[in-house]
S.K.: 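Sending over a structure as structure tokens; questions will come in a sec.
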Amino acid sequence: MPDKPSLDGIEAKWVDVWDESGVYHFDRSKSREEIFSIDTPPPTVSGSLHIGHVFSYTHTDTVARFQRMNGKAVFYPMGWDDNGLPTERRVQNYYGVRCDPSIPYDPDFTPPAKPDPKKQIPISRQNFIELCERLTVEDEKVFESIWRRLGLSVDWRYTYATIDDNSRATAQRAFLRNLARGEAYMAEAPTLWDVTFRTAVAQAELEDRERPGAYHTITFHRDGAEPVRIATTRPELLPACVALVAHPDDERYQALFGTTVRTPVFGVEVPVVAHRLADPEKGTGIAMICTFGDVTDVTWWRELQLPTRPIIGWDGRIVADPPEGLDSPAGREAYAKLAGATVHTARERVVEMLRASGDLIGEPQPITHPVKFFEKGDKPLEIVTTRQWYIRNGGRDAEVRDGLLERGRELIWHPEHMCSRFEHWVGGLNGDWLISRQRFFGVPFPVWYPLDDEGNPIYDAPILPDESQLPVDPSSEAPKGYTEEQRGKPGGFIGDPDVMDTWATSSLTPQIAGGWERDPDLFERVFPMDLRPQGQDIIRTWLFSTVVRSHFEHGTLPWSTAAISGWILDPDRKKMSKSKGNVVTPIAMLEKYSSDAVRYWAASGRLGTDTALDEGQMKVGRRLAIKILNASKFALSVAGEDTPVDPAAVTEPLDRSMLAVLADVVADATAAFQGYDHTRALERTERFFWDLCDDYLELVKARAYDADSREGASARSALLIALSVLHRLFAPFLPFVTEEVWSWWQEGSVHAASWPSVEEFRSAAAAGDPAVLAATAEVLRSVRKAKSEAKLSMRAEVDRVVVRGKQAEQAGLCRDDLAAAGRVAELTFESSDDTELRVDVTLPQAEG
RNA sequence: GGGCGUGUAGCUCAGUUGGUCAGAGCACCCGCCUUACAAGCGGGCGGUCGGAGGUUCGAGUCCUCUCGCGCCCA
């Protein structure tokens with residue numbers, strides 16, 4: 001036991017010890033009932049960790065530690081989400097490169113010493129992926145060291161990364177199974193498309209942003225009748241117009257339904273149709289349907305079975321050839337002026353042409369309206385018809401949807417109301433889950449296509465690998481029965497060029513970490529898992545997609561319980577996010593306040609409740625940790641480290657009273673943890689501990705030093721019992737300081753010790769009356785108050801104290817302790833019916 | 001516009017099923033070098049529980065409306 005205990009260096013010391021002792025190792029010999037398994041969120045390693053990660057991961061760790069101390073073998077692996085677009089972007093910026101799949105592999109490529117992000121060097125797909133792998137390995141080392149320093153009780157032997165061989169094999173295997181059962185399919189369909197990244201985007205990745213736009217009122221022509229005026233924010237799509245639409249009940253347009261009109265400038269005959277989604281309040285109440293301006297266009301196109309006239313290409317530019325139906329020479333001439341232009345330029349040119357032809361009525365009216373964006377993109381999404389892979393998710397199938405809603409209800413949610421987020425998301429889906437991405441650093445689809453005699457892929461007859469071959473890379477490996485020379489040749493094959501969406505892999509973390517089909521023995525012991533902890537923002541993505549995969553593959557939930565952490569808000573109560581630039585990195589906080597202190601702050605945030613970053617709470621946590629050091633040192637120095645902890649030796653009313661209160665704390669903290677209310681467990685423990693230090697410790701100080709008496713032995717035994725229990729109650733929250741103080745007097749790790757139970761000291765506690773400590777402490781407080789008001793030292797002597805009231809009797813049981821702690825010469829107790837406890841304190845007359 | 005959540009002391013938050021529930025910590029003020037801890041200890045100041053109605057013997061707690069804030073979805 002050190003003379004001057006300190007938190008300095010405590011993290012480094014115990015991180016090493018824990019690593020060597022393997023105290024957090026998962027014991028895979030245990031049966032399912034003896035195991036608690038956690039499906040930990042794999043953080044995205046391409047960014048820096050921020051304090052919000054520390055917040056929610058600490059919540060999980062307190063649960064892991066609680067379960068471990070309760071005798072469970074805790075399966076608590078960590079993963080890194082390294083595949084996907086964020087890593088690609090980081091690699092592009094870090095090395096100053098970009099991926100160009102048309103370039104051949106250069107085995108000798110070395111990235112530039114001084115990368116210039118503005119002049120990115122094009123490199124092959126293989127070279128690009130190698131750089132991604134190189135950088136993520138480095139990033140993951142940094143993450144792991146921060147997690148270790150934070151004290152996460154992870155078993156690092158089970159770490160995985162979403163791009164590693166096991167994850168790729170798992171993702172491909174699950175996909176092949178989905179495909180075989182008809183849950184995955186390929187379709188050519190209008191798809192939300194990001195023109196910057198040139199990839200399809202799923203519903204879960206969308207966000208609306210308010211953008212300025214303008215209503216252009218333009219005229220469509222009719223033979224022998226007045227022209228029809230429509231308003232549109234996207235005049236450049238005029239050549240893609242396939243119909244006009246108005247609400248079926250709209251009186252103004254009844255006569256038009258079933259007739260045709262002619263588009264201005266381009267001269268295409270289009271029908272006028274009726275549909276309930278047309279908004280009579282918007283513009284002139286009649287709108288043009290284009291293929292495709294927005295998702296409503298897609299709905300109209302599908303439900304009204306309209307023709308397709310796509311004009312926007314994968315690069316976001318107007319395609320070279322006019323669409324079918326745009327046949328007139330004048331129309332083709334006009335279209336030629338748009339071919340190859342960006343959407344922006346095309347709009348200007350169409351407006352010019354409309355103005356010249358007299359079909360633009362008045363000037364465009366500026367408005368602000370919501371526009372769909374890819375959450376990581378900065379150009380509005382277009383809708384492009386492409387061939388993509390989908391997994392069914394209930395978005396277009398009531399039976400699947402109901403099954404998934406039922407799973408959501410089966411899941412135990414903490415807090416409960418988070419269930420409605422799941423239900424609303426599932427209920428609001430309007431299409432299946434698009435899982436293919438036209439990117440590079442991801443899990444490739446394990447699919448090849450045969451080429452016909454003209455070299456065109458036969459998409460209906462995909463070639464699939466055996467599960468035993470996984471993981472495969474169809475862009476570098478040939479399918480069975482073919483040789484690499486036949487790649488791209490007529491009669492040969494091509495590999496599917498796409499990779500899976502990140503979520504298509506991370507929706508399988510229980511299977512990846514649990515060893516599905518790779519380690520059946522392990523999988524059987526940990527799956528379905530007990531706990532999925534995560535943030536509320538990814539209920540619609542990660543949680544939902546994981547439920548989908550497990551529902552299809554295993555017919556069960558992937559875990560029984562979900563614990564949803566809240567947001568971290570900055571001190572101004574704004575959500576902390578990278579895009580807002582208000583992110584705080586954890587390492588400075590850990591260094592400044594200690595890991596235990598930061599964990600204390602994190603643990604003081606309840607599940608599902610947004611919590612402000614509050615350094616004040618970290619200071620409080622630091623003080624608590626230091627207090628634990630000092631109080632433990634004191635108690636051990638008084639009681640003697642070698643004194644056996646013996647409930648039978650606790651005989652004094654005050655000591656028994658304290659243990660009775662402690663018994664309540666243990667029961668309460670245990671129940672709170674079982675109900676995933678870690679905050680309450682911490683609060684109760686902390687409250688008791690400070691009261692113990694302020695009152696009980698002061699009261700028994702003198703008696704405990706008495707080595708020979710039975711009363712002294714009672715105090716010392718009670719102190720040690722309280723100390724042992726408190727060290728363990730605090731252990732899930734403050735793993736470093738509790739391990740430090742535990743090591744002063746106990747064998748083994750506190751984190752392998754058993755969670756305290758009332759049984760350990762019931763004999764002493766049951767005989768105790770909580771009111772004794774309460775009454776005695778109140779008398780002591782009254783004495784202190786009198787001294788404080790007289791501006792005297794707490795060591796000042798007191799002539800006389802008279803205690804009156806109902807509880808005087810209880811306080812009277814502790815006369816000697818009170819007299820010693822308060823330095824009271826004469827102490828009398830007068831029992832009365834007064835419910836109030838009255839304490840009269842007579843101080844010595846102040847001297848001249 | 002719809003959904004979920006939230007509004008209690010200057011700040012961060014507790015307040016189980018309506019009945020000492022008006023609390024804690026921080027901050028602030030006044031004291032105290034007290035042999036575990038001055039990165040400490042003792043004491044004190046501080047709120048018409050967002051607002052308005054209603055139910056009730058009784059509402060921070062239940063109901064209705066309303067305002068503010070946060071997030072999600074249109």
Side-chain angles (χ1 to χ4, degrees), chain A residues 1-8 203-204 206-208 294-296 369-370 372 415-430 535-541 564 566-567 569 571-577 593-594 597 600-601 604-606 608-639 668 671-672 675 677 679-680 682-684 686-687 690-691 693-695 697-698 701 704-705 719 723 741 780-796 821-823 835-836:
Chain A
M1 187 161 61
D3 283 343
K4 184 95 178 140
S6 155
L7 297 178
D8 295 342
Q203 189 182 351
L206 302 183
E207 64 184 36
D208 283 357
D294 59 25
V295 288
T296 317
H369 62 151
K372 289 200 186 312
E416 236 171 278
H417 68 79
M418 290 295 173
C419 183
S420 63
R421 303 244 178 146
F422 178 91
E423 298 205 338
H424 290 152
W425 174 251
V426 177
L429 288 168
N430 53 31
Q536 54 187 318
D537 48 332
I538 48 179
I539 290 175
R540 67 194 170 121
T541 49
I564 310 293
W567 297 111
L569 310 175
D572 297 329
R573 301 206 66 80
K574 288 281 183 313
K575 176 184 156 189
M576 199 174 277
S577 68
Y593 297 105
S594 87
Y600 173 88
W601 158 75
S604 62
R606 312 177 107 77
T609 304
D610 295 351
T611 301
L613 176 65
D614 185 359
E615 292 193 43
Q617 277 296 99
M618 296 184 193
K619 279 186 199 165
V620 173
R622 183 175 175 82
R623 281 181 33 198
L624 174 63
I626 291 170
K627 190 81 172 177
I628 290 172
L629 287 175
N630 286 316
S632 300
K633 182 189 136 195
F634 171 67
L636 290 173
S637 67
V638 171
D668 222 17
D677 189 356
T679 305
R680 181 174 172 83
L682 173 58
E683 275 170 359
R684 287 287 278 135
E686 187 189 7
R687 178 80 257 150
W690 281 104
D691 288 345
C693 290
D694 292 346
D695 301 329
L697 237 44
E698 295 298 330
K701 217 179 235 184
Y705 275 120
L719 272 178
L723 202 62
V741 294
L780 180 61
R781 269 193 293 278
S782 300
V783 174
R784 282 174 181 152
K785 183 171 180 172
K787 290 181 183 178
S788 197
E789 282 169 353
K791 303 196 172 178
L792 289 171
S793 157
M794 287 303 124
R795 295 182 69 190
R823 303 198 163 225
T835 45
E836 292 275 296

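This one's a predicted model, so the numbers in the text were calculated from it and none came from an experiment. Just so it is clear: chains get the letters A, B, ... in the order the sequence lines come, proteins before strands, and each one is counted from 1. Both backbone and side-chain heavy atoms feed into the values below; hydrogens, waters and symmetry mates do not.
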S.K.: Only pairs with both distances under 3.5 Å count, Watson-Crick or wobble alike; so what is the partner of B:U64 in this structure?
M.R.: B:A52
S.K.: Can you tell me how far the CZ atom of A:R784 sits from the CG atom of A:D694, to the nearest 0.5 Å?
M.R.: 6.5 Å
S.K.: If we take the C1' atom in both B:G18 and B:C63, what is their distance in whole Å?
M.R.: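 Rounded to whole Å, the distance is 13 Å.
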S.K.: Kindly point out which of B:C4, B:U12, B:A14 is positioned nearest to the side chain of A:S420?
M.R.: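 Side chain of A:S420 sits closest to B:C4.
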S.K.: Using atom C1' in both nucleotides, what's the gap between B:G53 and B:A59 to the nearest angstrom?
M.R.: 13 Å
S.K.: Send over the distance from A:E416 CD to B:G5 P, rounded to a whole Å.
M.R.: 11 Å
S.K.: Between B:G7 and B:U16, how far apart are the P atoms? Round to whole Å, please.
M.R.: 12 Å
S.K.: Can you tell me the pairing partner of B:C29 across any strand shown, Watson-Crick or G-U wobble, with both distances under 3.5 angstrom?
M.R.: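 Check on B:C29: paired to B:G43, both distances under 3.5 Å.
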S.K.: For A:R823 and A:R795, which heavy atoms make the closest approach, and how far apart are they?
M.R.: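 What the structure gives for the nearest pair is CD-O, 2.9 Å.
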S.K.: Could you work out the separation of B:G25 and B:C65 based on their P atoms and round it to a whole Å?
M.R.: 39 Å
S.K.: Suppose we define a pair by two distances each less than 3.5 Å, Watson-Crick or G-U wobble; what does B:C4 pair with here?
M.R.: B:G70
S.K.: Using a cut-off of 4.0 Å between protein heavy atoms and nucleotide atoms, how would you tag nucleotides 35-44 of chain B 5' to 3' with B, S and -?
M.R.: SBBSBSSBSS
S.K.: Between B:U61 and B:G2, how far apart are the C1' atoms? Round to whole Å, please.
M.R.: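 Approximately 28 Å lies between the C1' atom of B:G2 and that of B:U61.
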S.K.: Given that both distances must come in under 3.5 Å, which nucleotide forms a Watson-Crick or G-U wobble pair with B:A24?
M.R.: B:U12
S.K.: Between B:G70 and B:U34, how many Å separate the two C1' atoms, rounded to a whole number?
M.R.: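 About 48 Å, rounded to a whole number of Å.
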S.K.: If we take the P atom in both B:G60 and B:C21, what is their distance in whole Å?
M.R.: 13 Å
S.K.: B:C57 pairs with which nucleotide, Watson-Crick or G-U wobble, both distances below 3.5 Å?
M.R.: B:G19
S.K.: Taking the P atom of each, how far is B:G15 from B:A24, in whole Å?
M.R.: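 Rounded to whole Å, the distance is 15 Å.
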S.K.: Please state how far atom CG in A:D677 lies from atom P in B:C13, giving the value in whole angstrom units.
M.R.: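 Whole-Å distance recorded here is 16 Å.
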S.K.: Rounded off to whole Å, could you give me the CG-to-C1' distance for the A:D537 and B:G5 pair?
M.R.: 15 Å
S.K.: Working to the nearest 0.5 angstrom, can you tell me the gap between A:T609 OG1 and A:Q536 CD?
M.R.: 9.0 Å
S.K.: Would you name the heavy atoms of A:S604 and A:L682 that are closest together and state the gap between them?
M.R.: N-CD2, 4.4 Å
S.K.: Would A:E698 and A:K701 count as a salt bridge (Lys or Arg N to Asp or Glu O under 4.0 Å) here? Give the steps.
M.R.: CA-CA 5 Å; A:E698 295 298 330; A:K701 217 179 235 184; 3.4 Å; yes
S.K.: In Å, rounded to the nearest 0.5 Å, how long is the span from CG of A:L697 to CZ of A:F634?
M.R.: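 Answer for the CG-CZ pair, A:L697 versus A:F634, is 5.0 Å.
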S.K.: So what's B:A38 paired with, Watson-Crick or G-U wobble, going by both distances under 3.5 Å?
M.R.: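 Pairing partner, where one exists within any strand: none, as none qualifies.
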S.K.: Heavy atoms only: give me the nearest A:Y593-A:R622 pair and the separation to one decimal.
M.R.: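 Looking at all heavy atoms of both residues, the shortest contact is O-NH1, 3.2 Å.
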S.K.: Between B:A14, B:C72, B:C4, which nucleotide has the shortest distance from any of its atoms to the side chain of A:R540?
M.R.: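 For the A:R540 side chain, the nearest candidate turns out to be B:C72.
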